[in-house]
*Asks:* 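Attaching a single structure in structure tokens format; questions to follow.
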Number of protein chains: 2
Amino acid sequence: MLEDMARPTTATHDELLAAAARRFAVTGYKGTSLQDIARDVGCSKATVLYHFASKDALLCELMAPAITMLEELDARIAAHTGAEARRAAADGFVDLAVRFRREIALLRGEFPDLLQQPAFAHIQQISERLVAAFAGFSDRPEARVAALVVLAGIAETCGEFLDIPDEQLRPALLAVAYRALEVTT
Amino acid sequence: MLEDMARPTTATHDELLAAAARRFAVTGYKGTSLQDIARDVGCSKATVLYHFASKDALLCELMAPAITMLEELDARIAAHTGAEARRAAADGFVDLAVRFRREIALLRGEFPDLLQQPAFAHIQQISERLVAAFAGFSDRPEARVAALVVLAGIAETCGEFLDIPDEQLRPALLAVAYRALEVTT
DNA sequence: TCAGGTGCTGACCGATCGGTCAGATCCGCA
DNA sequence: TGCGGATCTGACCGATCGGTCAGCACCTGA
């Protein structure tokens, strides 16, 4: 009965986060209102704004773990060069995409707007470095096109396979990424 | 002076279409207001709704050529089987993506919502047939993952290369698609 | 000259958005 | 018993959304 009543106050907080993640993934960030989230949890819209400073703050908290992992990946890529960096980028990004496919899915097409926000400003630069690594640090158009197709394709796709386990999705994504990125030099 | 004054009334109409296409491509459909479009053209919001029955109607007219080409592609794929259908799908889709990259870009992430609309309802089924053709009509998860990555990657990417000519973008996209889709059978 | 259609507009509508605020309720603790 | 903080709420705010409408300016053909 006193299970983890140690911090009972966070129950609603977590419920709201979960509900927001579910909603965002289906109708997008702009397409989801605080009313929608509140209704799902069974509280008032004011309660949502009691637990989160703003709608943006809610999104930030939701994306924080994924962004942390992305920053770690960025650092790992920077520690390598050439083909090793490329492999690290592909492996790491696929891993990130699989683990956070729900969070990535909810950004579907709202990246441009969200990147404007200060909290997400550096994501833009990280993703540019990711594309460069995927392209093998070549500036040939073919290499850049292939890099963007794979990057965007994985990001856009991973959210569609919520039903199959990580261990099956990861190798499938890695295989197609490796095949697509074998750019002739 | 009497150039093509034959139909001078369509000037604003076309300007509005062009402005809407530009805006939608940058800020998305939901993220663009009729005010924005009107301001770009230099007319009032009411004028936009004089030329188009609704915001949705504007989008429909904007997408009509691309949708027609997509339907033609669908028919062409249905006329083939196996590897031929797959090749027809890849070639045709890349061609469509290159030619209508602006229009495709503006649907970024708003597909889910827009497909709900009756006018776009059948696009859902066409895209499913496209994925199936890309996957070589296999239901193996690896094949379906690769198909979706390539399809979504191309759709998501083509709008990023508005500055390079069709003749350069098309072979680059085709190359990465062929590489990625060489699924081992 | 004037009737009628076309193109266009400002004012306005109801709905919904994110966000604020005063206060109600409930709690552990002195 | 009562105080204070945490949790939650309904009412409300200004802004913006897509859309409506009466009417103005202009051109054209009878």
Side-chain angles (χ1 to χ4, degrees), chain A residues 1-21 23-24 26-63 106 110 113-114 116-120, chain B residues 1-21 23-24 26-63 106 110 113-114 116-120:
Chain A
M1 195 181 284
L2 47 89
E3 302 147 350
D4 54 6
M5 299 283 277
R7 44 172 192 170
T9 58
T10 63
T12 305
H13 186 94
D14 293 347
E15 280 182 52
L16 286 170
L17 266 183
R23 278 282 186 174
F24 287 163
V26 175
T27 51
Y29 178 70
K30 273 184 306 201
T32 300
S33 71
L34 299 180
Q35 286 283 14
D36 295 331
I37 301 170
R39 196 180 309 117
D40 287 354
V41 171
C43 66
S44 73
K45 185 184 66 172
T47 299
V48 181
L49 288 160
Y50 167 76
H51 285 279
F52 304 93
S54 67
K55 193 187 180 187
D56 286 343
L58 207 178
L59 179 65
C60 285
E61 190 164 328
L62 206 55
M63 299 298 296
L106 66 84
E110 320 209 46
D113 305 345
L114 296 175
Q116 306 294 73
Q117 210 177 326
F120 295 151
Chain B
M1 193 182 285
L2 46 86
E3 301 147 348
D4 54 8
M5 299 282 278
R7 44 173 190 168
T9 59
T10 63
T12 306
H13 186 95
D14 293 348
E15 280 182 51
L16 285 170
L17 266 183
R23 278 282 186 174
F24 287 163
V26 174
T27 52
Y29 178 70
K30 272 183 307 199
T32 300
S33 71
L34 298 181
Q35 285 282 14
D36 295 332
I37 300 170
R39 197 179 307 119
D40 287 355
V41 171
C43 67
S44 74
K45 186 184 66 172
T47 298
V48 182
L49 288 160
Y50 168 77
H51 285 279
F52 304 93
S54 66
K55 193 186 180 186
D56 286 343
L58 207 179
L59 178 65
C60 284
E61 189 165 330
L62 207 55
M63 300 299 295
L106 66 84
E110 319 208 48
D113 305 346
L114 296 176
Q116 305 294 71
Q117 211 176 325
F120 295 152

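Lettering follows sequence order; numbering is per chain, from 1. Keep in mind the model is a prediction, meaning the values are calculated, not measured.
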*Asks:* Classify A:Leu49 by what it touches in the nucleic acid, base, sugar-phosphate, or nothing, heavy-atom distance under 4.0 Å.
*Replies:*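 A:Leu49: base contact, heavy atoms under 4.0 Å.
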
*Asks:* As a test of reading the structure: which of C:dG19, D:dG18, C:dG10 is closest to the side chain of B:Ala46, going by heavy atoms?
*Replies:*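 The nucleotide sitting nearest to the side chain is C:dG10.
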
*Asks:* Hey, are the side chains of B:Tyr29 and B:Asp56 touching, using non-hydrogen atoms and a 4.5 Å cut-off?
*Replies:*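 Contact flag for B:Tyr29/B:Asp56 side chains = yes.
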
*Asks:* Measuring to OP1 and OP2 of C:dC8, would you say a side-chain N or O of B:Tyr50 lies under 4.0 angstrom away?
*Replies:*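 No, B:Tyr50 has no side-chain N/O under 4.0 Å of OP1/OP2 on C:dC8.
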
*Asks:* Checking side-chain contact (heavy atoms from CB on, under 4.5 Å) against A:Leu58, which of A:Leu16, A:Ile37, A:Thr32 comes through?
*Replies:*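 Per the side-chain contact (heavy atoms from CB on, under 4.5 Å) rule, the option paired with A:Leu58 is A:Ile37, out of A:Leu16, A:Ile37, A:Thr32.
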
*Asks:* Report the residue (B:Cys43 or A:Thr32) whose heavy-atom-nearest nucleotide on DNA chain C is the more 5′ of the two.
*Replies:*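 The residue closer to the strand's 5' end, by nearest nucleotide, is B:Cys43.
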
*Asks:* Report yes if some heavy atom in the side chain of A:Phe52 is under 4.5 Å from a heavy atom in the side chain of A:Leu34; otherwise report no.
*Replies:*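 The answer is no; the side chains never approach within 4.5 Å.
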
*Asks:* Does the side chain of A:Thr47 get closer than 4.0 angstrom to OP1 or OP2 of D:dC8 through an N or O atom?
*Replies:*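 Negative; the distance criterion is not met.
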
*Asks:* In whole Å, what is the span from the CZ atom of B:Phe52 to the C1' atom of C:dC8?
*Replies:*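 Distance check: B:Phe52 CZ to C:dC8 C1' gives 14 Å.
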
*Asks:* Can you tell me the distance, in whole Å, between the NE2 atom of A:His51 and the C1' atom of C:dG18?
*Replies:*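 About 17 Å, once rounded to whole Å.
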
*Asks:* What's the closest nucleotide to the B:Ser33 side chain, out of C:dG19, D:dC17, C:dT9?
*Replies:*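 So the side chain of B:Ser33 is nearest to D:dC17.
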
*Asks:* Counting only side-chain heavy atoms from C-beta out, which of C:dC8, C:dG18, C:dC17 sits nearest to A:Leu34?
*Replies:*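 Nearest to the side-chain atoms of A:Leu34, counting from C-beta on, is C:dG18.
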
*Asks:* Distance criterion of 3.5 Å, no angle test: do you see the side chain of B:Lys45 paired donor-to-acceptor with the base of D:dG19?
*Replies:*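 Looking at the base of D:dG19, it does pair with a donor or acceptor on the side chain of B:Lys45 (distance under 3.5 Å).
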
*Asks:* Side chain to side chain contact (heavy atoms under 4.5 Å, CB included) for A:Phe120 and A:Leu59? Distances and angles first, verdict last.
*Replies:* CA-CA 11 Å; A:Phe120 295 151; A:Leu59 179 65; 3.9 Å; yes

*Asks:* Taking CG from B:Asp36 and C1' from D:dG18, how many angstroms apart are they, rounded to a whole number?
*Replies:*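 Taking CG of B:Asp36 and C1' of D:dG18, I get 13 Å after rounding.
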
*Asks:* Rounding to a whole Å, what distance do you find between A:Gln35:CD and C:dG18:C1'?
*Replies:*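 In whole Å, C:dG18 C1' and A:Gln35 CD are 10 Å from each other.
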
*Asks:* For B:Glu61 and B:His13, which I'm curious about, is there any donor-acceptor pair between the side chains at under 3.5 Å?
*Replies:*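 Per modelled atom types, B:Glu61 and B:His13 side chains form a pair under 3.5 Å.
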
*Asks:* Grab the CZ-P distance between A:Arg39 and D:dT9 for me, whole Å please.
*Replies:*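 After rounding, the gap between these two atoms is 14 Å.
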
*Asks:* What is the distance from NZ of B:Lys55 to P of C:dT16, rounded to the nearest Å?
*Replies:*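 So the two atoms are 16 Å apart, to the nearest Å.
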
